[in-house]
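Written out below as structure tokens is the structure these notes cover.
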Amino acid sequence: MEELMKKVLDTITRAGLVEVEVSARHVHLTDKDVERLFGKGQVLHEKRPLSQKGQFLCEERVTLIGSKGKKERVAVLGPVRKATQVELSVSDCVALGVKAPLRESGDVQGSAPLTLEGPAGSISITEGTIVAHNHIHVPEDVAQMLQLKDKEHVSVKILSERPVTFDDVIIRVSPAFNFKMHIDFDEANAASVRGFTLGKIIH
């Protein structure tokens, strides 16, 4: 059965089909900000692994506070990073009163400020809040198979009951990646992404 599943997945991949995952609002924190929000000496505790190697959902949660409102119990993802980053959908930004730019993860220079609150304290970041650009994590062997290049922009047709084609999807290539496309909840709702959904890469 395992060998059969491997062959099925290989056939799907060779056809340029990628599994679409929905990424909810979440936060990445530095070591220093973990201590500011959760207490001196505190570290992140893994709740469950995510689809990308080494990434995990944490037990810890934070509250996001904007000029128009707040979002409570927002997920924290680990491991810690060099810069604190908040990833929101456009709908989240409207509800919070935040003007966050569309950016790739990690590109936070000049992005929006926001206040984060935890059980031990709060922090106000001057930049770091973004709307994450939709993208596809591609392992190197799959990139070679499908002739995809790092930082290339492609289109992806979502194969759902409400087919939508997303243009300008960023390809990110690394040997550490698992082959997945990431979109936010606004994009998922627009395309009726429910459960296991595939997207067809067009380039």
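Residue pairs meeting the side chain to side chain donor-acceptor pair (under 3.5 Å) criterion with at least one member in residues 155-166, sequence neighbours excluded, are Ser155-Asp167. Here ring-ring contact (aromatic ring centres under 6.0 Å, His included) pairs that include residues 33-66, with residues two or more places apart or in two chains, number zero. For residues 34-57, the set of pairs meeting the salt bridge (charged side-chain N to carboxylate O under 4.0 Å, His left out) definition, not counting sequence neighbours, comprises Asp33-Arg36. Within the structure, every pair that satisfies the ring-ring contact (aromatic ring centres under 6.0 Å, His included) test and touches residues 110-160, not counting sequence neighbours, is listed here: His135-His137, His135-His182, His137-Phe177, His137-His182. Identified under the salt bridge (charged side-chain N to carboxylate O under 4.0 Å, His left out) test for residues 14-23, with sequence neighbours left out: Asp10-Arg14, Glu19-Lys180.
The shortest side-chain heavy-atom distance between Val80 and Thr30 does not fall under the 4.5 Å cut-off. Residues Val154 and Ile202 fail the side-chain proximity criterion, which asks for heavy atoms closer than 4.5 Å. For the pair Val108/Ile125, no side-chain contact is recorded, criterion being any heavy-atom separation below 4.5 Å from C-beta on. A heavy-atom distance below 4.5 Å is found between the side chains of Ser105 and Glu87. Pro163 places none of its side-chain heavy atoms less than 4.5 Å from the side chain of Lys200. Val74 is not listed as a side-chain neighbour of Arg61, based on a closest heavy-atom distance of 4.5 Å or more. Ile136 is not listed as a side-chain neighbour of Arg172, based on a closest heavy-atom distance of 4.5 Å or more. Between Leu50 and Leu77 there is a side-chain heavy-atom pair separated by less than 4.5 Å.
Hydrophobic clustering (side-chain heavy atoms under 4.5 Å, transitive across Ile, Leu, Val, Met, Phe, Trp, Tyr) keeps Met181 apart from Ile170. Leu17 is not connected to Val142 by any chain of hydrophobic side-chain contacts under 4.5 Å among Ile, Leu, Val, Met, Phe, Trp and Tyr, and they are in different clusters. Val164 and Phe185 end up in the same hydrophobic cluster when Ile, Leu, Val, Met, Phe, Trp and Tyr side chains are linked at under 4.5 Å. One hydrophobic cluster, built from ILVMFWY side chains closer than 4.5 Å, holds both Ile123 and Val27. There is a path of hydrophobic side-chain contacts, each under 4.5 Å, that joins Val138 to Val20.
Judged by distance alone, with hydrogens and angles left aside, the side-chain atoms of Thr11 form a donor-acceptor pair with the main-chain N or O of Lys7 at under 3.5 Å. In terms of modelled atom types and a separation under 3.5 Å, the side chain of Gln85 and the main chain of Gly106 share a donor-acceptor contact.
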(Q) As a quick check of understanding, evaluate side-chain contact (heavy atoms from CB on, under 4.5 Å) for Leu198 and Val18, giving each step before the final call. (A) CA-CA 5 Å; Leu198 294 173; Val18 61; over 6 Å; no

(Q) Please evaluate residues Val62 and Val76 with respect to the criterion side-chain contact (heavy atoms from CB on, under 4.5 Å), reporting the C-alpha separation (whole Å), side-chain torsions for both, the decisive distance (0.1 Å), and the verdict. (A) CA-CA 7 Å; Val62 298; Val76 177; 3.9 Å; yes

Q: Would you sort out whether Leu116 and Val86 count as a side-chain contact (heavy atoms from CB on, under 4.5 Å), showing the intermediate values?
A: CA-CA 9 Å; Leu116 291 74; Val86 180; 4.2 Å; yes

Q: Evaluate side-chain contact (heavy atoms from CB on, under 4.5 Å) for Ile183 paired with Val193, printing each intermediate quantity in order.
A: CA-CA 10 Å; Ile183 62 176; Val193 173; 4.1 Å; yes

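With rounding to the nearest 0.5 Å, the separation of CD1 in Ile201 from CZ in Phe179 is 4.0 Å. One distance of note links CD1 of Ile158 with OG of Ser192; it measures 11.0 Å at 0.5 Å rounding. With rounding to the nearest 0.5 Å, the separation of CG in Leu88 from CG in Asp186 is 10.5 Å.
With sequence neighbours excluded, the residues that form a salt bridge (Lys or Arg N to Asp or Glu O under 4.0 Å) with Lys151 are Glu104. By the side chain to side chain donor-acceptor pair (under 3.5 Å) test, Asn134 pairs with Glu187, sequence neighbours left out. Listed by chain and residue number, Pro139 satisfy the side-chain contact (heavy atoms from CB on, under 4.5 Å) test with Asp141 (two or more places apart in sequence, or in another chain). With sequence neighbours excluded, the residues satisfying salt bridge (Lys or Arg N to Asp or Glu O under 4.0 Å) with Asp107 are Arg103. Under the side-chain contact (heavy atoms from CB on, under 4.5 Å) criterion, Ala100 pairs with Cys93, Val98, Ala112, Thr129, Val131, sequence neighbours left out. For the ring-ring contact (aromatic ring centres under 6.0 Å, His included) test, residues two or more places apart in sequence or in another chain that qualify with His26 are His28. Under the side-chain contact (heavy atoms from CB on, under 4.5 Å) criterion, Thr63 pairs with Ile65, Lys70, Glu72, Glu117, not counting sequence neighbours.
Smallest separation of non-hydrogen atoms from Pro79 and Gly54: CD-O, 3.3 Å. Heavy-atom minimum distance, Asp92 versus Lys71: OD1-CE, 3.9 Å.
Looking at Ser124 and Thr115, their side chains do bring a donor and an acceptor atom within 3.5 Å of each other.
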